[in-house]
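Data block below; observations after.
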Protein chains: 2
Amino acid sequence: MDIKKRSDCPISSSLDIWGDKWSLLIVRDLMFSKQCTYGDFLKSDEKIATNILASRLQMLETNGVITKQDHPDSKAKVLYKLTQKGIDLLPLMIEINLWADKYFTLPQERKAVIAEIEKDKEAFIKKQIVDFLDDDIPVSPIIK
Amino acid sequence: MDIKKRSDCPISSSLDIWGDKWSLLIVRDLMFSKQCTYGDFLKSDEKIATNILASRLQMLETNGVITKQDHPDSKAKVLYKLTQKGIDLLPLMIEINLWADKYFTLPQERKAVIAEIEKDKEAFIKKQIVDFLDDDIPVSPIIK
DNA sequence: TATTTGTACTTGCAAAACGCAAGCAAATTT
DNA sequence: AAATTTGCTTGCGTTTTGCAAGTACAAATA
C-alpha cells in the first residue's frame, strides 16, 4: 500500500495512485452515488474481487481520495465517500466519458448524461460539485 | 492482447484499453514529442521494461490509439505516432495535469505548461491539435 | 569486407499482483 | 438463540510484472 513514485511527472505520479484497472471505477461509483458501502461496490457490473476491493479502498484512503465514515444507521456498515481530492477527479471522469462516447457504443442511459455534459461542460461540473457539497442528499442508485 | 470488456460502462471500457500504469505514459511521450522510436520510450524517467513496452505498444496499436510507421532515415528504426483517437486523449491528459498540479509538487518546467493551460484551456487544446495536424514539425525533446 | 554498434524486439525466470472461493468476527435481523 | 448481513482476511492457483540476457536485422565503422 506504499506509494512508489516512479518519477516527478504529474501524469506518472497520478497513475501511481489511481492508474490501475479498478480505482477509477470505485471513484465512478462514488461520483454517481455520493456514498457507497463495501457491498455497494461489489454490486457493480465489473464484479471486483473482495480482496482487490479492500486493497484499492485502502490505497485510495491512504492517498486521500476517499474517506471512511460510520454509517448513521448501523455499526456493521461503513460509508465510503469522496474527499475534495476525489471530487476534483470529476473533470477527468468527464473527459473519459467524452472520449469513450466518441469511440465506443455507450449504454442508452449514459448518453443522456453525455449530452448534458456536451451542452455545457462547465455548468455540469459546477452543478455536480454543488451536489457534493450538500451533505444530506439521498443516495441515488448506481448507474454504470 | 485481446480486449476483455468488463462491462458496457464507458469508464470501464476505456480503462480496459489504457487503464494500467504504463499506457498513458506512452501517450504522454507522444503528446510531447509527436513521434517516438522504441528507444525514445525507453529513455523516459520511469524506466519501463522492454517487454512491457512492447506489449503496451502492441495493445495501443491494436486498439487504434497509436500507429507504427517506417522511419524515413533508417529501416532499422520504427516511428510511433498518435492516431486521432490518441490525440483525442489530450483533454484527458490536461485534466490529469491540472489535478496533479493541485495535489503534487510539480517540476518547474511543467508548471509553465500548466499555467498556459489554466489561462485558456480551450485555446491550449486547439493550439496543440493544430500542431499534430501539421506533419512536418521538428521532433521536440521529451519533457516528463 | 569483416566487425562492431544500434535498434527493436523476444525469451526465461523469479517475484509480485490478481482472481476466485472460502473463512471469519462483529453487528443485526428473525 | 439462530440465521443472516456486512466488511473484510486468508489460501492458493493463475496471470502479469520486472529484470537480465539473448536475438535478428540494419547501419556504421575499421
Side-chain angles (χ1 to χ4, degrees), chain A residues 1-7 12 15-26 29-30 33 35-63 66-81 139 142, chain B residues 1-7 12 15-26 29-30 33 35-63 66-81 139 142:
Chain A
M1 222 56 54
D2 51 319
I3 323 138
K4 335 157 198 180
K5 255 191 133 193
R6 289 172 295 174
S7 79
S12 169
L15 293 175
D16 287 339
I17 294 182
W18 46 255
D20 66 277
K21 292 232 178 289
W22 295 107
S23 295
L24 287 187
L25 297 184
I26 291 173
D29 287 350
L30 287 171
S33 300
Q35 55 189 42
C36 294
T37 61
Y38 193 87
D40 288 335
F41 293 117
L42 291 176
K43 284 177 208 140
S44 291
D45 282 350
E46 294 84 10
K47 300 284 162 244
I48 188 171
T50 68
N51 55 339
I52 307 292
L53 176 58
S55 81
R56 290 306 177 280
L57 289 172
Q58 174 72 61
M59 176 68 139
L60 290 172
E61 196 195 359
T62 299
N63 288 286
I66 65 176
T67 34
K68 255 169 114 158
Q69 37 183 267
D70 296 339
H71 195 289
D73 301 347
S74 160
K75 280 180 190 168
K77 292 183 182 175
V78 178
L79 272 187
Y80 289 94
K81 291 187 174 190
V139 181
I142 300 175
Chain B
M1 220 58 54
D2 51 318
I3 322 138
K4 335 157 198 180
K5 256 191 133 192
R6 290 171 294 174
S7 79
S12 168
L15 293 176
D16 287 339
I17 294 182
W18 46 255
D20 66 276
K21 293 232 178 291
W22 295 107
S23 295
L24 287 186
L25 297 184
I26 291 173
D29 287 349
L30 287 171
S33 299
Q35 55 188 41
C36 293
T37 62
Y38 193 86
D40 288 336
F41 293 118
L42 292 177
K43 284 176 207 141
S44 291
D45 283 350
E46 294 84 11
K47 299 285 160 245
I48 187 171
T50 67
N51 55 339
I52 307 292
L53 175 58
S55 80
R56 291 304 176 279
L57 288 172
Q58 174 72 62
M59 176 69 140
L60 290 172
E61 196 196 358
T62 300
N63 287 287
I66 65 175
T67 34
K68 254 169 115 159
Q69 37 183 267
D70 295 340
H71 195 291
D73 300 348
S74 160
K75 280 181 189 169
K77 292 184 184 177
V78 177
L79 273 186
Y80 289 94
K81 291 188 174 189
V139 182
I142 300 174

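Small disclaimer: the values here were computed from a predicted structure and weren't measured. Naming convention: chains lettered A, B, ... in sequence-line order (proteins, then strands); numbering from 1 in each chain.
As a whole-Å value, the separation of B/Lys43 NZ from C/dA8 P is 9 Å. What separates CG of B/Leu57 from P of C/dC9 is a distance of 7 Å, to the nearest Å. Taking atom CG of A/Leu53 as the reference point, atom C1' of D/dT10 lies 16 Å away to the nearest angstrom. We find that CG of A/Leu42 is positioned 13 Å from P of D/dT9, with the value rounded to whole Å. What separates CD1 of B/Ile48 from P of D/dC19 is a distance of 11 Å, to the nearest Å. Distance, A/Gln69 CD to D/dG7 P: 14 Å, rounded to whole Å. Between B/Ile26 atom CD1 and C/dC9 atom P there is a gap of 12 Å when expressed in whole angstrom units. Atom-to-atom, CD1 of A/Ile52 to C1' of D/dG13 comes out at 14 Å; the value is rounded to the nearest Å.
Once rounded to the nearest 0.5 Å, the distance linking CD1 of B/Ile66 with CH2 of B/Trp18 reads 15.0 Å. Atom CG of B/Leu30 and atom CD of B/Gln35 lie 9.0 Å apart (nearest 0.5 Å).
At least one donor-acceptor pair closer than 3.5 Å links the side chain of B/Lys47 to the backbone N or O of B/Lys43. The main-chain N or O of A/Glu46 is never found under 3.5 Å from a side-chain atom of A/Ser44 such that the two would form a donor-acceptor pair.
The side chain of A/Lys4 contributes an N or O atom lying less than 4.0 Å from OP1 or OP2 of C/dA17. Distances shown here put every side-chain N or O of A/Trp22 at or beyond 4.0 Å from the OP1 or OP2 atom of C/dC18. Contact annotation: B/Tyr38 side-chain N/O to C/dT10 OP1/OP2 distance is not under 4.0 Å. Using a 4.0 Å cut-off, some side-chain N or O of B/Arg56 falls inside it from OP1 or OP2 of D/dT17.
Side-chain proximity of A/Ala54 to D/dT17, D/dT9, C/dA8: nearest is D/dT9. Nearest to the side-chain atoms of B/Thr37 among the listed nucleotides D/dC8, C/dA8, D/dT17 stands C/dA8. Between D/dG18, D/dC8, D/dT6, one nucleotide has an atom nearer to the side chain of A/Lys77 than all others, and that is D/dT6.
Between B/Asp16 and the choices B/Arg6, B/Lys4, B/Lys5, the salt bridge (charged side-chain N to carboxylate O under 4.0 Å, His left out) rule is met once, by B/Arg6.
For the pair A/Ser23 and A/Leu60, the minimum side-chain heavy-atom distance is below 4.5 Å. In this structure, the side chains of A/Val78 and A/Asp70 stay at 4.5 Å or more apart for every pair of heavy atoms.
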Exercise for review: Using a 4.0 Å cut-off on protein heavy atoms (strictly under), produce a 5'-to-3' string for nucleotides 21-30 of chain D with B for base contact, S for backbone-only sugar-phosphate contact, and - for none.
Suggested key: B----SS---
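Residue-level contact check: A/Lys68 touches the backbone only, with heavy atoms under 4.0 Å from sugar-phosphate atoms and none from bases.
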